[in-house]
Amino acid sequence: MIDYSKIISKTVREIKPSGIRRFFDIANTMENVISLGVGEPDFRTPWQIRKAGIDSLEKGQTRYTSNKGLDALLLEICRYTERKYGVSYDCRREALVTVGGSEAIDAAIRAVTCPLDEVIIPQPSYVCYEPMVRLAGGTPVIITTTEENEFKLTKEELLAAITPRTKALILPYPCNPTGAIMNKKDLEEIAEVLRGRDVIVISDEIYAELTFGEERHVSIASIEGMKERTILINGFSKAFSMTGWRMGYALGPAEIMTEITKIHQFAIMCAPTTSQYAAIEALRSCDKEVERMLEEYDERRRIMVSGFNKLGLTCREPKGAFYAFPSIKSTGLTSEEFCERLLYSKGVALVPGTAFGEGGEGFVRASYCYSFEHIKEALSRIGEFLAEL
Amino acid sequence: MVQNDKRILKLLEKNAHFTAEDIAAVLGDKAEKIAARIKELEESGIIRGYKSVIDWERLDEDRASAIIELNVTPSAGHGFEEVAARIAKYPEVESVSLVSGGYDLSVTVKGRTFHEVCNFVARELATIDSVTQTRTQFIMRRYKELDIELTSDERDERDNVSL
């Protein structure tokens, strides 16, 4: 008999499984669930993008591309980033196409983290940062952002977390699950702390396209003095409804991008070729489709937020991503109890805020990547649930 | 028009199920105010009605419909208005539009059977004095109506929860 405990890496074994595994296992095996639980768009990938993928297959474009990605795609990524966020990159030296934003985050963390290095992670946030830092041998330093500050990272919180060992700051805005964004003024304050320090920002901007209202997304790389200390990560999954295509990218200083590309080259070779051709089309001709989806998300967002507030679950206006993050503190239940009981009694699936870090206690995440009718039905069932508590 | 009218109308055009409360949430306005405004829009005839899009082909029910192209001699002084209004009165007629091109009025007609539709065209439409010619095209299958796809069977393949 082989002793797997001697085989499996201690670092890997000690990593907690993502989210709240038991709850997820139950939720995903239940039938007839009215879910507000997923982190991906309900829209299909716009047809012209799918068509571009099909065309590339018909032409037999099925080989590896260069490690960095197709030249045409790298060029479009840089044009898009300049057009949308006002940051310009050299597509030959400062850009890399990755397998989703996730690979870019992983490679960026690995490229900068040495054992004992600290990486600052604001939470509640997406679940991958902490395990990735641990896998890279680093130490995650968690900042718990607060509802009073609209779940933004503040200058004071950052200053309190920085030590001589701080190597990187993960900046996950627009934020899954809180829907928080950082505007120019908020970012200026963060930049003020970081300028003059040897700390790199890994800015996960996967929801950049999905901001609502007056304040649109601002990249920290566009703030003075920050481009040289930022690895900007974005991708196609959320904005273009392309989750399954696994397309993302990283942009940053050539010195770092060379190293990130090395990791990518050995671990991945290149991002999927079909997806790369499809992604070119997305950047070239899908502004209208993105606009249409955004408008739809905005309507649902408003209906959902107003719905939660009417039910007595206080819900701030989420300004980005596609989640509402209402407080369930008034029920006296923990996030996990709330979600589990709601699931069993009414068949509605939400995600406990604690899946995104301890700071998520007292909150639940509800995605509005669902039709209007679906959202209304879920809200009405949540209303019944609250009345029976 | 009141400032929000167009947005109210666009939302209702997209989904007649939107309540005044829903629209108020989307527009950041008061539900009572929106409800009152919708009522005014209905009374002034800007909102003409609400209907459902139904895929009757899924039911075992006899239905037939056709698009009829009509050539019409316009009447002095009234042009096509008089005859179009007259045709619109028939309960068998679903829609009447004046069109550009090789004919004048495009009329959709519904009935229980092909035969019923044919009879209606022959006995009613073709016998109107100003109608000089009719061409009947039976609808064989509907794929999309009022922006709603009738043939797509797209299901939500996503898990119940994912991060």
Side-chain angles (χ1 to χ4, degrees), chain A residues 18-20 23-44 125-128 176-177 213 243-244 295-296 298-307 309-310 317 323 339 343 347-352 355-356 365 367 369-376, chain B residues 1-38 41 47 49-55 58 142-163:
Chain A
S18 90
I20 296 162
F23 174 76
F24 272 56
D25 288 347
I26 301 165
N28 278 330
T29 48
M30 268 176 78
E31 300 273 336
N32 301 320
V33 168
I34 295 284
S35 170
L36 298 177
V38 303
E40 66 174 317
D42 56 325
F43 298 108
R44 305 274 150 171
S125 62
Y126 185 57
V127 294
C128 77
N176 168 14
T243 46
E295 198 175 299
E296 185 81 24
D298 193 19
E299 284 167 14
R300 299 166 178 187
R301 177 183 77 110
R302 288 160 183 267
I303 283 168
M304 182 180 269
V305 170
S306 138
N309 281 316
K310 276 178 195 147
E317 186 195 349
Y323 311 99
C339 290
L343 180 65
V348 175
L350 299 175
V351 180
F356 306 93
R365 189 193 76 175
S367 157
C369 293
Y370 294 93
S371 71
F372 164 75
E373 282 78 8
H374 185 107
I375 290 169
K376 293 282 279 190
Chain B
M1 264 192 142
V2 179
Q3 196 188 3
N4 269 341
D5 281 2
K6 275 192 187 159
R7 296 189 65 196
I8 295 173
L9 293 170
K10 273 187 184 165
L11 288 167
L12 284 175
E13 185 181 42
K14 189 162 76 174
N15 192 336
H17 267 168
F18 278 130
T19 61
E21 208 174 331
D22 296 327
I23 294 172
V26 172
L27 303 186
D29 211 329
K30 288 207 172 68
E32 306 79 56
K33 214 175 121 194
I34 299 289
R37 191 59 199 149
I38 291 174
L41 290 165
I47 295 173
Y50 303 90
K51 299 194 102 183
S52 301
V53 176
I54 295 165
D55 186 2
R58 285 171 189 251
R142 292 178 194 272
Y143 296 94
K144 192 174 185 181
E145 229 174 270
L146 293 176
D147 302 325
I148 296 175
E149 283 184 53
L150 303 181
T151 50
S152 108
D153 275 319
E154 290 186 354
R155 280 198 331 251
D156 191 345
E157 295 135 354
R158 299 173 296 172
D159 276 343
N160 290 329
V161 281
S162 68
L163 296 161

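Below, chain A is the first sequence line, B the second, and so on; all start at residue 1. Values in this document were obtained by computation on a predicted structure and should not be read as measured data.
For a residue to count as touching a neighbouring chain, one of its non-hydrogen atoms must lie under 4.5 Å from one of that chain's; by this rule A:C128 does not touch chain B. Contact annotation for B:E154: both backbone and side-chain heavy atoms come within less than 4.5 Å of a heavy atom of chain A. At a 4.5 Å heavy-atom cutoff, A:R300 makes no contact with chain B through either its backbone or its side chain. Within the 4.5 angstrom heavy-atom criterion, only side-chain atoms of A:R365, from C-beta onward, approach chain B. When heavy atoms are compared at a cutoff of 4.5 Å, A:I34 does not approach chain B at all. Only the side chain of A:N176 comes within less than 4.5 Å of a heavy atom of chain B; its backbone N, CA, C and O stay farther away. Heavy atoms of A:V38 lying under 4.5 Å from chain B belong to its backbone as well as its side chain. Of the atoms belonging to B:I23, not a single heavy atom falls under 4.5 Å from chain A.
Atom CG in B:D22 sits 3.5 Å away from atom CZ in A:F372 (nearest 0.5 Å). Annotation: the span from B:R142 atom CZ to B:I148 atom CD1 amounts to 13.0 Å, rounded to 0.5 Å.
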Report the C-alpha distance between B:K10 and B:D147 in whole Å, list the side-chain angles of each, state the deciding distance to 0.1 Å, and finish with yes or no for salt bridge (charged side-chain N to carboxylate O under 4.0 Å, His left out).
CA-CA 13 Å; B:K10 273 187 184 165; B:D147 302 325; over 6 Å; no
Assess the residue pair A:H374 and A:L36 against the criterion (side chain to side chain contact (heavy atoms under 4.5 Å, CB included)); give the C-alpha distance rounded to whole Å, side-chain angles, the decisive distance to 0.1 Å, and a yes or no.
CA-CA 9 Å; A:H374 185 107; A:L36 298 177; 4.0 Å; yes
If you apply the rule side chain to side chain contact (heavy atoms under 4.5 Å, CB included), what do you find for A:L343 with A:M30, and how did you get there?
CA-CA 9 Å; A:L343 180 65; A:M30 268 176 78; 3.6 Å; yes
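The backbone N or O of A:A27 sits less than 3.5 Å from a side-chain atom of B:N160, completing a donor-acceptor pair.
The closest side-chain donor-acceptor pair between A:S306 and A:N309, if any, does not fall under 3.5 angstrom.
In terms of non-hydrogen atom pairs under 4.5 Å with chain B, the most contact-rich of A:N28, A:T29, A:V351 is A:N28. Contact count against chain B (heavy-atom pairs under 4.5 Å) is highest for A:R302 among A:R302, A:E40, A:K376, A:E373.
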